[in-house]
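Everything on this sheet refers to the single structure shown next.
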Amino acid sequence: MSNKPPMVDLTDTTVLRHTAEQAIELYHSFDGEPVAAAATHEQLLQRFGQSLSNDGVDPGQVIDDLLTWSRDGMVTAGGPRFFGWVIGGSLPVAIAADWILSTWEQNGAIYQTSPACATAEEVAGEWLKEVLRLPRECSYAMVTGCQMAHFTALAAARQRLYWDRGIDVSTEGLYGAPPLRVVAGPHLHESLIRAMRFLGLGSNALVKTTLDDQGRMDLASLEQILRQDPAAPTVINLMAGDLNTGGCDPYREVCALAEQYGAWVHVDGAFGLWVNASEKHRHMLDGVELAHSWATDGHKWLQLPFDHGYAFVRDREAHHASMTMTAGYFIDADGAGRDQMNWNPEWSRRPRGVIAYAALRNLGKSGIAHIVDECCRFAERLVNEIGALAGAEVLSPARMNQGMVRFLDPDGDHDAKTDAVVEAIRAEGTAWFGPTTWNSMRAMRISVCNFRSTDADIDATVSAVERVLAAHG
Ligand SMILES: *Cc1c(COP(=O)(O)O)cnc(C)c1O
């Protein structure tokens, strides 16, 4: 009696070619599929939630099941008519580089674990600074997203601000140190607060300014906060692209004020920093290069698959001191090449900068600028054309690639009407938008961040919204 199964061939590579073909088909299907997910959690759980097999499953079967089971359980965020959140698409070259990176199985911890990847990452770091027009002397880290870029940049800020007060937080910790405050406008992204929590600063360290009549950090309010406690170690967080309005802050003026108080200026430019790639739009970011640190994403406007974020820090010494680590088993590169370990919070890591390298090389500077310009133009079209439909109203005109509209209820309950219409648009399937609350009003966010969107997609989306509005009376 034998119940021994036929062994699954773990080195069978036919799954790779098979998957490449499936992936190409899938990639094109994003143009046509309903954007919203249809499957319920219960249905998905039923498909995925099998008991773990004892004997293994053929790799081709595993991949086919993944693809079939998930098909109607996806929000087609990689497609051209997804206008929710800020997600972005994936360039074929980036997907291909991602596959190669997985095939290489390289650890991007130190130079010696992968000299080629470390070198490609080093060049990508320089290219990113060039495209984003940040100071060439900046150090950088290639992390998983803007959240971790905040974490990295704020760790460097914390190092410097306490060094200035005779404390080395890397050895002494925060014990007995004077509290550090983070000053931000009410338009901050919550990922900053989480980074503060991770760094032992606590969310109570956040002090909020007000906004001026253009939705930018109010300078008088900032100055009042700084003056109240001029000696406190202080980080000021500015937005390069408010998630709702696409708005920017007065970088030049804030940096001048920060200098008087020895404060560190950090910029959350998750998507908006990419506007610096565009000659047409970069005026919005005037003075942004004067800050001390910047956080941005590669998986949004650069069109990389997840997960890519970048931190840039002017103060290399503080950045290095906050992250550097060594171990007995490291092999010294004798000063040749870059050990990412000295700049990143991770230990073992995917050398993800190679994917940025591939995408930047594929796009070129004008390719990036073109994507930025087109997304901004499409956002303007969507906001204006949806806002002009009967029963709709523009709440925030398109700035950058963001804007907001709402839908009006004859009986005055605009919030309920807006929520109902946004949901009905998603159910209709042509396009995907998300709701938000802004200035105490429910609104529909419009965000364009995918290089695959075309004028035809905008036309189809506006027609779909018009149909939904007509059906909603
Ligand atoms: C997306 C986003 C973040 C968070 O970035 P992750 O890549 O999700 O970590 C932070 N700030 C802004 C403005 C964002 O749009």
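These numbers come from a predicted model, not from an experiment. Index from 1, following the sequence.
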I'd like to check the salt bridge (charged side-chain N to carboxylate O under 4.0 Å, His left out) partners of [X]; sequence neighbours left out, ordered by chain and number.
X	result
Arg406	Glu393
Arg352	Asp307
Glu279	none
Arg81	Asp457

Going by ring-ring contact (aromatic ring centres under 6.0 Å, His included), name the residues that satisfy it together with [X], two or more places apart in sequence or in a different chain.
X	value
Trp343	His319, His320
Phe407	none
Phe306	His299

Arg377: side chain to side chain donor-acceptor pair (under 3.5 Å) partners, not counting sequence neighbours: Glu374, Asp455
Exercise answer: donor-acceptor pairs, residues 265-273 side-chain atoms, under 3.5 Å, sequence neighbours excluded:
{"unit_1": "His266", "atom_1": "ND1", "unit_2": "Ser293", "atom_2": "OG", "d": "2.8"}
{"unit_1": "His266", "atom_1": "NE2", "unit_2": "His150", "atom_2": "ND1", "d": "2.9"}
{"unit_1": "Asp268", "atom_1": "OD1", "unit_2": "Ala270", "atom_2": "N", "d": "3.2"}
{"unit_1": "Asp268", "atom_1": "OD2", "unit_2": "His150", "atom_2": "NE2", "d": "3.3"}

Using distance only, find each side-chain donor-acceptor pair of residues 192-203 under 3.5 Å and give its atom names and separation, not counting sequence neighbours.
{"unit_1": "Arg194", "atom_1": "NE", "unit_2": "Gln147", "atom_2": "OE1", "d": "2.9"}
{"unit_1": "Arg194", "atom_1": "NH2", "unit_2": "Gln147", "atom_2": "OE1", "d": "3.4"}

Please list all pairs meeting salt bridge (Lys or Arg N to Asp or Glu O under 4.0 Å) that have one or both residues in residues 86-104, counting only residues at least two apart or in different chains.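 Counting only pairs at least two positions apart or across chains, the salt bridge (Lys or Arg N to Asp or Glu O under 4.0 Å) contacts touching residues 86-104 are Asp98-Arg350.
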Would you say Glu105 has more than 12 foreign heavy atoms packed within less than 6.0 Å of its CD?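 Not more than 12 within 6.0 Å, no.
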Qualifying side chain to side chain donor-acceptor pair (under 3.5 Å) pairs with a residue from residues 126-138, counting only residues at least two apart or across chains: Glu126-Lys129, Glu130-Lys365, Glu137-Arg314
Before accepting this row, confirm whether a basic side-chain N of the pair Glu121/Arg349 lies closer than 4.0 Å to the acidic partner's carboxylate O. yes
Give a yes or no on whether a salt bridge exists between Asp419 and Arg442, defined as a side-chain N under 4.0 angstrom from a carboxylate O.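 Yes.
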